[in-house]
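Whatever order the structure lists ligands and atoms in, that order sets their numbers, starting from 1. Each residue takes its place number in the sequence, starting with 1.
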Amino acid sequence: MEVIVVESEAEMARIAADAVEHLVESTEFPVLGLATGSSPLPVYTDLIERHRSRGLSFAGTTMFLLDEYAGLARDHPQSFATFIRDRFSGHVDVRPESVHGPDGDAADLAAACVRYESQIVDAGGIDLQLLGIGSEGHIGFNELASSLSSRTRLKTLTDRTRSDNARFFDVAEGVPRHALTQGIGTILEARHIVLLASGSSKSIAIERAVEGPVTAMVPASALQLHPHVTVIVDDLAASRLRHADYYRAAYRDKPPWQRI
Ligand code: GLP
């Protein structure tokens, strides 16, 4: 894992947006994995700005969401499909039909999960997956005790996840109890994974994910098994990392031509 400790939100956004820009400029049919939540928002803002100011184009890009609440239709105001359209995809030139998410409103949710896995495979797999991390160490909606080889499926949300996400809903009881999420096995098939975390509320999850043992009790720790993961954290999220000085030195000494 490469761990990059940044000094500002803008720096975090720039490094991740550079990786996305390189992907979309150098690949004929780029496939981008998107996360919702607050962590990736500065990256989306930066990419929208690059699109507006110098024409960075997503016209040929296919996008896949990590997860979706069960029971919410695509156009529900709190669905992740709406979130990503309002915060990112609706502001760039990606074709709306090229932005995919699990169908949380399907009559047969298990079949919708299988279909989603096939859509990802048919697109050639995900080139770059952006990830946030839950305060208990989940990725997507893979809550603790998720199988490290899980595929897209229905998961029950923990009380902590529901309360963390209540800020996006009018009333806390409105947060659905279930969600469809790419599995950990699905996420690990992305060719490059960029995990973003900021603030002290993420410091324990980051410490466990990066420096703790690989365990289903901390789903993000499974990323240690992937050959190309970049973890970008601010000082607060990095505050419990025992080897932060080493990560800083390694990034400082990296040749400028070597990308994340
Ligand atoms: C939700 C999402 C995750 C996200 C996490 C953290 O649970 N399903 O994909 O990483 O929240 O969100 P935030 O970035 O807002 O802290």
Side-chain angles (χ1 to χ4, degrees), residues 6 9 12-13 16 32-46 63-72 76 78-84 86-89 99-104 113 116 120 126 128-146 150 152-169 172 174-184 186-188 190 193-210 218-223 229-234 236-239:
V6 296
E9 194 175 75
M12 176 180 292
L32 188 56
L34 302 175
T36 51
S38 306
S39 307
L41 289 180
V43 184
Y44 299 148
T45 305
D46 190 321
M63 300 181 180
F64 285 96
L65 278 170
L66 264 181
D67 45 17
E68 183 58 274
Y69 288 117
L72 300 196
H76 188 283
Q78 267 80 36
S79 75
F80 286 163
T82 298
F83 182 101
I84 212 70
D86 290 353
R87 311 297 183 101
F88 179 44
S89 61
V99 184
H100 306 282
D103 183 0
C113 292
Y116 198 55
I120 296 173
I126 292 171
L128 193 163
Q129 176 67 56
L130 294 172
L131 283 184
I133 185 168
S135 50
E136 290 184 311
H138 73 232
I139 47 176
F141 270 133
N142 292 284
E143 301 283 30
L144 49 89
S146 284
S150 48
T152 303
R153 70 214 182 290
L154 183 71
K155 287 295 290 179
T156 301
L157 304 182
T158 63
D159 291 342
R160 175 74 180 270
T161 296
R162 292 185 68 236
S163 73
D164 282 352
N165 288 353
R167 68 190 191 280
F168 295 112
F169 289 77
V175 185
R177 296 187 176 278
H178 300 92
L180 305 191
T181 181
Q182 285 186 34
I184 296 174
T186 319
I187 293 169
L188 291 178
I193 297 174
V194 177
L195 185 146
L196 309 157
S198 48
S200 53
S201 64
K202 299 295 172 72
S203 63
I204 294 177
I206 286 295
E207 178 197 17
R208 291 183 178 154
V210 174
V218 183
S221 67
L223 298 175
V229 173
T230 309
V231 176
I232 312 179
V233 281
D234 69 358
L236 290 172
S239 59

- prompt: Applying a 4.0 Å heavy-atom criterion (strictly less than), which segment of A35 is in contact with ligand 1: side chain, backbone, both, or neither?
  reply: neither
task: Check Q182 against ligand 1 and report side chain, backbone, both or neither, counting heavy atoms closer than 4.0 Å.
output: neither
- prompt: Less than 3.5 Å between some nitrogen or oxygen of D67 and one of ligand 1, yes or no?
  reply: yes
- request: Just need the protein heavy atom nearest to atom 13 (P) of ligand 1, so name the residue and atom and give the distance.
  value: S38 N, 3.5 Å
message: Within the 4.5 Å heavy-atom criterion, are F83 and L34 side-chain neighbours or not?
response: no
Sub-4.0 Å heavy-atom contact, G140 with ligand 1: yes
query: What is the nearest protein non-hydrogen atom to atom 6 (C) of ligand 1, stated with its residue, atom name and distance?
result: I133 O, 3.5 Å
message: Testing the 3.5 Å rule here: is there a donor-acceptor pair between the side chains of E143 and T161?
response: yes
message: Give me the residue, atom name and distance of the protein heavy atom closest to atom 16 (O) of ligand 1.
response: K202 NZ, 2.5 Å
query: Among side-chain atoms of R153 and T186, is any donor-acceptor pair under 3.5 angstrom?
result: no
query: Quick one: are I120 and Q182 in side-chain contact, heavy atoms under 4.5 Å?
result: yes
Identity and distance of the protein heavy atom lying nearest atom 11 (O) of ligand 1: N165 OD1, 3.9 Å
field: Exercise: identify the closest heavy-atom pair between I187 and I193
entry: O-CD1, 3.5 Å
task: Go through the steps to decide whether S203 and S200 satisfy the test side chain to side chain donor-acceptor pair (under 3.5 Å), and finish with yes or no.
output: CA-CA 5 Å; S203 63; S200 53; 6.0 Å; no
query: Is the shortest distance from a heavy atom of R160 to ligand 1 less than 4.0 Å?
result: no
- prompt: Do V43 and F88 have side chains that get closer than 4.5 Å, going by heavy atoms?
  reply: no
query: What protein heavy atom sits nearest atom 14 (O) of ligand 1, and how far away is it?
result: S39 OG, 2.5 Å
- prompt: Which residue, V210, I133, T230, L188, forms the side-chain contact (heavy atoms from CB on, under 4.5 Å) with L223?
  reply: L188
field: Numbering as shown, the atoms of ligand 1 that approach F141 to under 4.0 Å (heavy-atom distance)
entry: 1 (C), 7 (O), 8 (N)
message: How far is atom 5 (C) of ligand 1 from the closest protein heavy atom, and which atom is that?
response: H138 NE2, 3.8 Å
field: Near-ring test F80/F141, centroid separation under 6.0 angstrom
entry: yes
task: Show which atoms of ligand 1 fall inside a sub-4.0 Å distance from at least one heavy-atom site of G132.
output: 10 (O)
For atom 12 (O) of ligand 1, closest protein heavy-atom neighbour: G37 CA, 4.0 Å
message: Strictly distance-based, threshold 3.5 Å: is any side-chain N or O of Q129 a donor or acceptor partner for the main-chain N or O of A190?
response: no
- request: Answer yes or no: does an N/O atom from T36 fall short of 3.5 Å to an N/O atom of ligand 1?
  value: no
